[in-house]
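Below is one structure; the comments refer to it alone.
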Amino acid sequence: MKKSLTLLFMLIITAALLVACGPKREETTPTSTDEKETETEAESTEEPAKPEKLVVWEDTDKSIALEPAIASFEKEYGIKVEFKELGMADKMRDQLRLDGPSGTGADVVTLPHDQIGQVVTEGLLQEIEVSDEVLSTFSESAVTAQKYNGKLYGLPKATETPVFIYNKALMPEAPETMDEVYTFANDFTDGKKFGFLAKWDDFYFAHGVIAGMGGYVFQENDGALDRDDIGLNNEGAIAGAEYIQKWYAEGLFPKGIIGDSGGSAKDGLFNEGKVASVMDGPWAFQGMKDAGIDIGVAAMPTLPNGEHMKTFMGVKGWHVSAFTEHKYWSTKLVEWLTNEENAKIRFELTQEIPPVTSLIEDPIIADNEGAKAVALQSQYAVPMPNIPEMAEVWGPAASALQTLATGKAEPKAAMDDALKTIQTNIETNHPN
């Protein structure tokens, strides 16, 4: 019995010694789920190999601002960047459709934000991931404009929205309210000269009034635009339509500014010194100055209900092509092109207004009347809906507004008809 116990103890001791002398597995292999996740996380943060070059497509006549940003990126990362100017946004989108699948397209492209939904649906862009620190660089509305169905598809480089522009020789300072503008226009307008003009038969401009009164295009639900929740004939939208019709009905707007040629007619009258003030965008500044008009620029005056006009805001952004083999470095380039330093350089060279919040108080913008007005109005602006269904809104909305402008329909009937047409077109052209 004693021999048996002695033998048993010896076996136990031997086994213990073998375990103690064996390899220490905890030093080489994660022993918990958290440790495994940490190891995977570390591996995923490693930078991929650098490409020999990246290709960027830029707007016509804007590469003057792109070149210094590219030069500093190449110096920082050692990656060559080539660029090509491709004209209007539609051309760039069409070219991406052709060149992307063949592997000859760009890694990074610039597009207006209202095209994002369509190009994402077609599989031309890919979602990007950036830190909250990078996103905090920009205004919230500008970042929202770069999202589709809650996912981020680019970073903003420039923003624009309609503002109040006035001829200082005819209107010494900008009124604060549209009631004041209306009173001025009634006193000033005589059929040859006009106190205020706006292309309110164009939904892009009319939206400021309609939304400011309480209407909306697509309601946002859970971070995405709801194509089935359209507020273009609600009480606020009808009130906005009534206000718009009043200006036409009382002869405060000439008949010649209705329709496709209306914008040119409006511009001509203003540049001839026959109009005291207009609603227009920053793209109009230079032409007015070239015509010899001493212009003043301000945010749009408040509406009769006391609310700000909710003008449409357009945001140009930088985006990563779905066809690039270098998503990581393309995203790095997008971050670089839109950082504070390069945004400031772009404004200096192109006058494109960056939605970089730190630059709003920078003297380069704060001391520029036009840029400051756009930045201020952008706080009240609404990004144009970027879902594909928005294509079904423009035509019916314009038709309704033109019937209002010509007195052929009452506001409620016009807006009801527009909504019916929009809903029918969405159901026909965008089946779920």
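If you're wondering where the values come from, they're calculated on a predicted model, not measured in any experiment.
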Would you sort out whether Asp59 and Lys157 count as a salt bridge (charged side-chain N to carboxylate O under 4.0 Å, His left out), showing the intermediate values?
-> CA-CA 12 Å; Asp59 289 325; Lys157 73 168 183 175; 3.7 Å; yes
Any chance you could lay out the side-chain hydrogen bond (donor to acceptor under 3.5 Å, both in side chains) test for Thr350 and Glu352, step after step, and finish with the verdict?
-> CA-CA 5 Å; Thr350 68; Glu352 290 179 297; 3.2 Å; yes
Might you work through the side-chain contact (heavy atoms from CB on, under 4.5 Å) test for Leu333 and Ser330, ending with a clear yes or no?
-> CA-CA 5 Å; Leu333 178 57; Ser330 295; 5.6 Å; no
Determine, stepwise, if the pair Phe270 / Met288 fulfils side-chain contact (heavy atoms from CB on, under 4.5 Å).
-> CA-CA 8 Å; Phe270 186 86; Met288 294 169 171; 3.6 Å; yes
Assess whether side-chain contact (heavy atoms from CB on, under 4.5 Å) is satisfied between Ile230 and Tyr216, documenting all intermediate values.
-> CA-CA 7 Å; Ile230 304 173; Tyr216 57 88; 5.6 Å; no
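Comment: Asp107 does not engage Lys53 in a salt bridge, judged by the lack of any side-chain N to carboxylate O separation of less than 4.0 angstrom. A salt bridge between Asp416 and Lys412 is present, with a side-chain N of the basic residue lying under 4.0 Å from a carboxylate O of the acidic one. Using a 4.0 Å cut-off between charged side-chain N and carboxylate O, Arg97 and Asp94 make a salt bridge. The existence of a salt bridge linking Lys332 and Glu129 is excluded, since no basic side-chain nitrogen approaches an acidic carboxylate oxygen closer than 4.0 Å. Looking at Arg346 and Glu67, no side-chain N of the basic residue comes within less than 4.0 Å of a carboxylate O on the acidic one, giving no salt bridge.
Closest heavy-atom contact between Trp57 and Gly105: CZ2-CA, 3.8 Å. In this structure, Val297 and Ala373 approach most closely via the heavy-atom pair CG1-CB, 3.5 Å. Taking every heavy atom of both residues into account, Leu135 and Val143 meet most closely at O-CG2, 3.9 Å. Taking both residues in full, the closest heavy atoms of Pro175 and Pro301 are given as O-CG, 3.6 Å, listed atom of the first, atom of the second, then distance. Of all the heavy atoms in Met384 and Gly314, the pair that sits closest is CE-CA, 4.0 Å. Between Met213 and Leu303, the shortest heavy-atom contact is N-CD1, 4.1 Å.
Residue Thr424 holds its OG1 atom at 9.0 Å from CG of Leu419, rounded to the nearest 0.5 Å. Between Asp417 atom CG and Ser399 atom OG the span is 10.0 Å, to the nearest 0.5 Å.
Looking at His113, its side chain never comes within 3.5 Å of a backbone N or O of Lys316 through a donor-acceptor pair. A distance-only check finds no donor-acceptor pair linking the side chain of Thr189 to the backbone of Asn186 [under 3.5 Å]. A donor-acceptor contact shorter than 3.5 Å links the side chain of Asn234 to the backbone of Gly214. The backbone N or O of Phe347 lies less than 3.5 Å from a partner atom in the side chain of Gln351, making a donor-acceptor pair. Lys199 places a side-chain N or O within donor-acceptor distance of the main-chain N or O of Gly259, the cut-off being under 3.5 Å. Glu272 places no side-chain N or O within 3.5 Å of a backbone atom of Leu269 that could act as its donor or acceptor partner. Side chain of Asn425 to main chain of Ile422: no donor-acceptor pair is present (N/O by atom type, distance under 3.5 Å, no hydrogens or angles). Side-chain atoms of Trp318 never come within 3.5 Å of backbone atoms of Val108 as a donor-acceptor pair (strictly under, hydrogens ignored). Of the possible donor and acceptor atoms, one in the side chain of Asn386 sits under 3.5 Å from a partner among the backbone N and O of Lys147. In this structure, the side chain of His319 does not engage the main chain of Thr110 through any donor-acceptor pair within 3.5 Å.
Within 6.0 Å of the CD atom in Glu85, the count of heavy atoms belonging to other residues, nucleotides or ligands exceeds 12. By the 6.0 Å contact criterion, CD on Glu74 is enclosed, its count of non-hydrogen atoms from other residues, nucleotides or ligands being greater than 12. No more than 12 heavy-atom neighbours from other residues, nucleotides or ligands sit within 6.0 angstrom of CD on Glu173. Other residues, nucleotides and ligands place more than 12 heavy atoms under 6.0 Å from the CG atom of Asp290. Heavy-atom contacts from other residues, nucleotides or ligands closer than 6.0 Å to NZ of Lys151 number 12 or fewer. Within 6.0 Å of CD1 on Ile364 lie more than 12 heavy atoms contributed by other residues, nucleotides or ligands. For Glu235, the CD atom sits in a loose shell: 12 or fewer heavy atoms of surrounding residues, nucleotides or ligands are nearer than 6.0 Å. The environment of NZ in Lys50 is crowded: more than 12 heavy-atom neighbours from other residues, nucleotides or ligands sit within 6.0 Å.
For an aromatic pair to be called close, the ring centres must be under 6.0 Å apart, and Trp200 with Phe253 satisfies this. Aromatic ring centres of Trp329 and Tyr77: separated by under 6.0 Å.
Annotation: side chain of Thr324 is in contact with side chain of Gln126 (closest heavy-atom distance under 4.5 Å). A heavy-atom distance below 4.5 Å is not found between the side chains of Ile295 and Lys168. When side chains are defined from C-beta on, Leu111 does not count as touching Ile116, because their heavy atoms never get closer than 4.5 Å. When side chains are defined from C-beta on, Phe83 does not count as touching Val55, because their heavy atoms never get closer than 4.5 Å. Annotation: side chain of Leu66 is not in contact with side chain of Asn342 (no heavy-atom distance under 4.5 Å). Residues Phe138 and Val356 meet the side-chain proximity criterion, which asks for heavy atoms closer than 4.5 Å. By the 4.5 Å heavy-atom criterion applied to side chains, Glu176 and Glu180 are counted as neighbours. Between Thr121 and Tyr148 there is a side-chain heavy-atom pair separated by less than 4.5 Å.
If you check the side chains of Glu122 and Gln118, you find a donor sitting under 3.5 Å from an acceptor.
Taking the ring centre of Phe188 as origin, the terminal cationic atom of Lys193 falls inside the region bounded by 6.0 Å and 45° from the ring axis. Under the 6.0 Å distance and 45° angle rule, Lys246 counts as a cation-pi partner of Tyr182.
For residues 372-382, every residue pair satisfying the side chain to side chain donor-acceptor pair (under 3.5 Å) rule, not counting sequence neighbours, is listed here: Thr311-Gln377.
Checked against Met390 for a side chain to side chain contact (heavy atoms under 4.5 Å, CB included), the options Val217, Ile426, Leu225 give a single hit: Val217. Partner of Lys266 under the salt bridge (charged side-chain N to carboxylate O under 4.0 Å, His left out) criterion, chosen from Asp201, Asp202, Asp280: Asp280.
In this structure, the ring pair (Phe, Tyr, Trp, His ring centres under 6.0 Å) partners of His207, at least two apart in sequence or on a different chain, are Phe203, Phe312.
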Please set out all donor-acceptor pairs under 3.5 angstrom arising from side-chain atoms of residues 237-245, sequence neighbours excluded.
unit_1	atom_1	unit_2	atom_2	d
Tyr243	OH	Trp247	NE1	3.4
Gln245	NE2	Leu404	O	3.3
Gln245	NE2	Ala409	O	3.0

